[in-house]
Amino acid sequence: QLQLVESGGGLVQPGGSLRLSCAASGFTLDDYAIGWFRQAPGKEREGVSCISKSGGSTKYADSVKGRFTISRDNAKNTVYLQMKSLKPEDTAVYYCAAQKPITTVPAMCSMRRINFGSWGQGTQVTVSS
């Protein structure tokens, strides 16, 4: 059974940084494109970033472009989301998810929620002074 576990969230001041980790168990992570999503209170879950199976292709939401960096270490079965210059509007629960193989185009990834079938439990990120 595919299992993903997020970690690394916490409370940080505006302008600060955090690195989120998404660790996989029960499967080989490099068989899947991986996405990061977030959900703020009262809002829909939105795509933040994604990375292809090999790591050669990435995408970012416009709201985080230039501030967030997604990467993967397939040897460690882990995907990371480095977040810098954090803003209060980045406050949310952050989730990682594995893209359904049937929806995966080679060397590409998606940020459409409907294309993802295995989700972690989420990690809270709070940006506040």
Side-chain angles (χ1 to χ4, degrees):
Q1 182 178 355
L2 277 65
Q3 185 174 5
L4 295 166
V5 178
E6 303 93 337
S7 61
L11 174 63
V12 63
Q13 292 186 341
S17 300
L18 282 174
R19 188 178 78 159
L20 304 183
S21 298
C22 171
S25 63
F27 67 103
T28 302
L29 194 65
D30 57 8
D31 287 339
Y32 295 86
I34 300 295
W36 281 99
F37 295 78
R38 67 186 181 186
Q39 188 167 18
K43 294 189 177 181
E44 292 287 321
R45 191 172 299 188
E46 63 175 356
V48 174
S49 182
C50 69
I51 188 165
S52 63
K53 290 192 288 186
S54 68
S57 178
T58 58
K59 293 181 182 177
Y60 298 92
D62 288 343
S63 59
V64 307
K65 205 169 291 183
R67 300 187 297 121
F68 290 12
T69 303
I70 192 170
S71 62
R72 65 191 302 157
D73 185 339
N74 287 338
K76 295 184 177 179
N77 233 22
T78 302
V79 171
Y80 304 98
L81 185 68
Q82 177 69 52
M83 306 186 296
K84 298 180 179 179
S85 303
L86 283 162
K87 305 175 181 180
E89 51 263 43
D90 294 318
T91 295
V93 178
Y94 283 71
Y95 301 87
C96 64
Q99 188 171 347
K100 299 174 188 176
I102 197 171
T103 69
T104 303
V105 175
M108 297 286 287
C109 65
S110 166
M111 289 200 301
R112 295 186 65 201
R113 182 180 172 183
I114 194 172
N115 290 339
F116 289 79
S118 298
W119 294 82
Q121 84 291 345
T123 185
Q124 176 71 47
V125 172
T126 302
V127 185
S128 175
S129 55

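Both Leu2 and Leu29 are members of a single hydrophobic cluster when ILVMFWY side chains are connected at heavy-atom separations under 4.5 Å.
Here side-chain hydrogen bond (donor to acceptor under 3.5 Å, both in side chains) pairs that include residues 8-19, with residues two or more places apart or in two chains, number zero. Residue pairs meeting the ring-ring contact (aromatic ring centres under 6.0 Å, His included) criterion with at least one member in residues 40-71: none, sequence neighbours excluded. Sorted by first and then second residue, the disulfide bond (SG atoms under 2.5 Å apart) pairs involving residues 39-75 (not counting sequence neighbours) are Cys50-Cys109. Annotation: side-chain hydrogen bond (donor to acceptor under 3.5 Å, both in side chains) contacts involving residues 97-116, sequence neighbours excluded, comprise Gln99-Thr103, Ser110-Asn115. Applying the salt bridge (charged side-chain N to carboxylate O under 4.0 Å, His left out) rule to pairs touching residues 70-87 yields nothing, sequence neighbours excluded. Pairs of residues two or more places apart, or lying in two chains, that qualify as ring-ring contact (aromatic ring centres under 6.0 Å, His included) and include a residue from residues 4-45 are Phe27-Tyr32, Phe37-Phe116, Phe37-Trp119.
Contact detail for Asn74 and Lys53: the closest heavy-atom pair is ND2-O, 3.4 Å. Listed here is the closest heavy atom pair of Gly120 and Tyr95: O-CD2, 3.6 Å. Between Gln124 and Val93 the shortest heavy-atom distance is OE1-CG2, 3.2 Å. Nearest approach of Ile34 to Ala98, heavy atoms of both residues: CD1-CA, 3.8 Å. Minimum interatomic distance between Glu6 and Thr123 (heavy atoms only, all atoms of both residues): CB-CG2, 3.9 Å. Across Ser49 and Leu81, no two heavy atoms sit closer than the pair CB-CD1, 4.2 Å.
Atom CD of Glu44 is surrounded by 12 or fewer heavy atoms from other residues, nucleotides or ligands within 6.0 Å.
Residues meeting the side chain to side chain contact (heavy atoms under 4.5 Å, CB included) test with Ser129, sequence neighbours left out: Pro14. Residues forming a side-chain hydrogen bond (donor to acceptor under 3.5 Å, both in side chains) with Lys65 (at least two apart in sequence, or on another chain): Asp62. Annotation: side chain to side chain contact (heavy atoms under 4.5 Å, CB included) contacts of Val125 (sequence neighbours excluded): Leu18, Leu20, Met83, Tyr94, Val127. Taking the side chain to side chain contact (heavy atoms under 4.5 Å, CB included) definition, one finds that Ala23 meets it with Thr78, sequence neighbours left out. Listed by chain and residue number, Ser52, Met108 satisfy the side chain to side chain contact (heavy atoms under 4.5 Å, CB included) test with Ser57 (two or more places apart in sequence, or in another chain). The side-chain hydrogen bond (donor to acceptor under 3.5 Å, both in side chains) test applied to Ser63 returns Arg38, not counting sequence neighbours.
In this structure, CD1 on Ile70 lies 9.0 Å from SG on Cys96, to the nearest 0.5 angstrom.
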